[in-house]
Participant: 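The structure is given below, and queries will be raised subsequently.
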Amino acid sequence: EAGVAQSPRYKIIEKRQSVAFWCNPISGHATLYWYQQILGQGPKLLIQFQNNGVVDDSQLPKDRFSAERLKGVDSTLKIQPAKLEDSAVYLCASSLLLQGSYEQYFGPGTRLTVT
Amino acid sequence: GQQVMQIPQYQHVQEGEDFTTYCNSSTTLSNIQWYKQRPGGHPVFLIQLVKSGEVKKQKRLTFQFGEAKKNSSLHITATQTTDVGTYFCAAPSGGSNYKLTFGKGTLLTVNP
């Protein structure tokens, strides 16, 4: 089966600019996650969707980050305006909504550099 | 919130040596997962442990869940260069099995 797709793979922007990332999860996966991974650290959850509804966005900096998952499939994550500390890899992951099976499947990520 | 501590942060071994990474939680966990991330890659799911004292093996990898379900370990026997990467444990948080908190990971490098 096809994996989680993300684009773009790399993005360089200047601070105060805006940027958007796109994710297409594995077909049939109801749950979709966006993570931020700063170099040398583990992934940090930003937002979790179940179908097209937000389950958890407690760690999303809502003054500058936004995300949506229209129609419960693809998702976009936007940063506006970007700050230097937003430089990181943004990972999208998806999982089945299946009791007892909680593994997540990650996409290749988007490496964002803010200058 | 939920925190998982991983040690060591780095481990460098000679090819053929064994490697172990440990993960500790201050609270009892319903399950724990392990992921591997190759340099420049993305995390890949390895295994999920659910039962107290559970031990699972995948070829040269042995995963263990503590009796109190507060700690876990990953042991690699006779490391190979293909084992290079960062190994993360991840635990449920916020009362949901679908929301994970990742440890900081252990970076394993292997000298051929």
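Computed from a predicted model, the values in this text were never measured in an experiment. Protein chains get the first letters and strands the later ones, always in sequence-line order, with residue 1 at the start of each.
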Participant: Check whether any side-chain heavy atom of A:Gln37 lies under 4.5 Å from a side-chain heavy atom of B:His42, and answer yes or no.
Facilitator: no

Participant: Spell out, yes or no, whether B:Leu107 and B:Tyr35 are grouped together once hydrophobic residues are joined by side-chain heavy atoms under 4.5 Å, including indirect joins.
Facilitator: no

Participant: In Å and rounded to the nearest 0.5 Å, what is the CD to OG distance from A:Gln59 to B:Ser93?
Facilitator: 7.5 Å

Participant: Counting heavy atoms not belonging to B:Lys56, are there more than 12 under 6.0 Å from its NZ?
Facilitator: yes

Participant: Check whether B:Gln37 gets within reach of chain A through its side chain, its backbone, both or neither, counting any heavy atom under 4.5 Å.
Facilitator: side chain

Participant: Could you check whether atom CZ of B:Arg38 has more than 12 heavy atoms from other residues, nucleotides or ligands sitting under 6.0 Å from it?
Facilitator: no

Participant: Is there a path of hydrophobic side-chain contacts, each under 4.5 Å between heavy atoms of I, L, V, M, F, W or Y residues, that connects B:Phe19 with B:Leu46?
Facilitator: yes

Participant: Under 6.0 Å from the NZ atom of A:Lys62, do we count more than 12 heavy atoms belonging to anything else shown?
Facilitator: yes

Participant: Would a line drawn from the ring center of A:Tyr35 to the ring center of B:Phe102 be shorter than 6.0 Å?
Facilitator: yes

Participant: Can a donor-acceptor pair be found, under 3.5 Å and without considering hydrogens, that links the side chain of B:Gln48 to the backbone of A:Tyr102?
Facilitator: yes

Participant: Please flag which part of A:Ile38 lies under 4.5 Å from any non-hydrogen atom of chain B: side chain, backbone, both or neither.
Facilitator: neither

Participant: Are A:Trp34 and A:Val19 grouped together when hydrophobic residues (ILVMFWY) are joined by side-chain heavy atoms under 4.5 angstrom apart?
Facilitator: yes

Participant: Chain B: which of A:Gly109, A:Pro43, A:Gly42 shares the most heavy-atom pairs with it under 4.5 Å?
Facilitator: A:Pro43

Participant: Please indicate whether A:Leu39 has more than 12 foreign heavy atoms, meaning atoms of other residues, nucleotides or ligands, lying under 6.0 Å from its CG.
Facilitator: no

Participant: Would A:Leu77 and A:Ile12 show up in the same hydrophobic cluster when neighbours are defined by side-chain heavy atoms closer than 4.5 Å?
Facilitator: no

Participant: Measuring from A:Tyr33:OH to B:Leu100:CG, what's the distance to the nearest 0.5 Å?
Facilitator: 6.5 Å

Participant: Determine, step by step, whether A:Gln104 and B:Gln33 satisfy the side chain to side chain donor-acceptor pair (under 3.5 Å) criterion, reporting the C-alpha distance in whole Å, the side-chain angles of both residues, the deciding distance to 0.1 Å, and the verdict.
Facilitator: CA-CA 10 Å; A:Gln104 298 183 15; B:Gln33 298 180 28; 5.9 Å; no

Participant: Tell me, for B:Tyr98 versus chain A, whether the close heavy atoms (under 4.5 Å) come from the side chain, the backbone, both or neither.
Facilitator: both

Participant: By the definition side-chain contact (heavy atoms from CB on, under 4.5 Å), identify the one residue from A:Thr31, A:Val55, A:Leu45 that meets it with B:Lys99.
Facilitator: A:Leu45

Participant: Side chains of A:Asp56 and B:Ser96: does their closest heavy-atom pair fall under 4.5 Å?
Facilitator: no

Participant: With a 6.0 Å cut-off (strictly less than), is the heavy-atom count around OH of B:Tyr22, excluding the residue itself, greater than 12?
Facilitator: no

Participant: CD1 of B:Ile47 to CD of A:Glu103: how many Å apart, nearest 0.5 Å?
Facilitator: 10.5 Å

